[in-house]
2 protein chains.
Amino acid sequence: MSETSTHLLVPTGRGQRGACLGPDGSAAQVMRVIRMVQGRWRMPIIFRLYADSPVRTLQLKRDLQGVSLKVLTQHLRELAKHGLIERTDFGEKPLRVEYRLSEMGRGLVPILRAAKDFSLRYPA
Amino acid sequence: MSETSTHLLVPTGRGQRGACLGPDGSAAQVMRVIRMVQGRWRMPIIFRLYADSPVRTLQLKRDLQGVSLKVLTQHLRELAKHGLIERTDFGEKPLRVEYRLSEMGRGLVPILRAAKDFSLRYPA
DNA sequence: CCGTATCCCAATAGATACTG
DNA sequence: CAGTATCTATTGGGATACGG
């Protein structure tokens, strides 16, 4: 196909510069991931669940230190909606709800490790 | 140090579950990267510069299609402030400003590739 | 050509009070 | 215990107009 070297995002051809990030929609695919994990408490939640889960709600709140229950619940709901975590409601009394990282959530690990490496290699 | 298995984030010890993401501050390091790249037009800008740079301002605006000059400039300033891109102002008339991905900006590539892989492996 | 200044709207998140 | 309801402050980004 034609010479698209200066055109929108990355050209479709393989082997040239930029090809390893893929054809056009790559930015959108990356943005999707960013939207899933962005938010004041999402990384703390994900790391906490990764270190040890399942965890009950109030234990999570205590460990995150500083988050309100409202905001924590909002984030947990969003994370569960996107499939990164799983919510288990035992229909007990007193109430008992647990959260755990899903298989998809564990799939984030390579991204997080790459991001952490980047932060270490390029300090603020 | 006591048994921290259920404690804050990831325990300091090596070799257990969670250790591959590192000790405590990892969430903050990842959040730093997220803050640098989050924003409506940052991924499109980064991918565009990665595909071909340097690029002049209005060419970038045309390629991004839909962004206003104000918002584009805001993002470019922030990206430059964090060191991900470089801004070159040739003191010419008519005005001529170019943006290019920095070495640090290219350091994002492993993260972006991991994020793209994740999106493909776990579609919406 | 490359911005900045203003105004506006929606989304985020903190504080606080209430509920099954 | 595990939420929801309100209210508020701040931020991000779009539209538009103006300026060097």
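The sequence lines fix the lettering, A, B, ..., with proteins before strands; numbering per chain opens at 1. The analysis underlying the following values was restricted to heavy atoms, covering all of them including side chains, and did not include hydrogens, waters or symmetry mates.
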Exercise for the section: Before accepting this row, confirm whether a basic side-chain N of the pair Lys81(B)/Glu78(B) lies closer than 4.0 Å to the acidic partner's carboxylate O. Expected result: yes
Completion exercise
Taking every heavy atom of Ser68(B) against every heavy atom of Lys61(B), the minimum-distance pair comes out as CA-NZ, 4.4 Å
Remember a base hit wins even if backbone is also touched, and classify [X] as base, sugar-phosphate or nothing at under 4.0 Å, heavy atoms.
X	value
Arg77(B)	sugar-phosphate
Arg42(A)	nothing
Phe90(B)	nothing
Leu58(A)	sugar-phosphate

Problem - Residue pair Arg87(B) / Arg77(B), side-chain heavy-atom distance below 4.5 Å - result: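 In contact.
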Practice task
Find out whether Val67(A) and Ile45(A) are in side-chain contact, i.e. whether some heavy atom of one side chain is under 4.5 Å from a heavy atom of the other.
Solution key: no
Exercise for the section: Kindly point out which of dG3(D), dG14(D), dA13(C) is positioned nearest to the side chain of Arg40(B)? Expected result: dG14(D)
Practice task
For the side chain of Thr73(B), starting at C-beta, report the closest nucleotide among dT4(D), dA2(D), dG3(C).
Solution key: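 The nucleotide sitting nearest to the side chain is dG3(C).
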[X] side-chain N/O to [N] phosphate OP1/OP2 under 4.0 Å:
X	N	answer
Arg56(A)	dA2(D)	yes
Tyr99(A)	dG3(D)	yes
Trp41(A)	dT12(C)	no

What are the atom names and distances for every N/O pair under 3.5 Å that joins the protein to nucleotides 15-18 of chain D?
residue, atom, partner, partner atom, Å
dA15(D), N6, Lys70(B), NZ, 3.2

Problem - Between CD1 on residue Ile111(A) and CG on residue Asp117(B), distance to nearest 0.5 Å - result: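 Answer rounded to 0.5 Å: 8.5 Å.
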Problem - Distance (rounded to the nearest 0.5 Å) between Leu69(A) CG and Thr73(A) OG1 - result: 4.0 Å
Figure out the [atom1]/[atom2] separation between [X] and [N], and round it to whole Å.
X	N	atom1	atom2	answer
Arg96(A)	dG3(D)	CZ	P	13 Å
Asp89(A)	dA2(D)	CG	P	9 Å
Leu76(A)	dA2(D)	CG	C1'	11 Å
Arg62(A)	dA2(D)	CZ	C1'	12 Å
His75(A)	dA11(C)	NE2	C1'	12 Å
Leu69(A)	dA2(D)	CG	P	8 Å
Arg35(A)	dG13(D)	CZ	P	12 Å
Ile45(A)	dT12(C)	CD1	P	14 Å

Practice task
For Met31(A) and Val33(A), run side-chain contact (heavy atoms from CB on, under 4.5 Å): C-alpha distance rounded to whole Å, both residues' side-chain angles, the deciding distance at 0.1 Å, then the answer.
Solution key: CA-CA 5 Å; Met31(A) 290 172 75; Val33(A) 176; over 6 Å; no
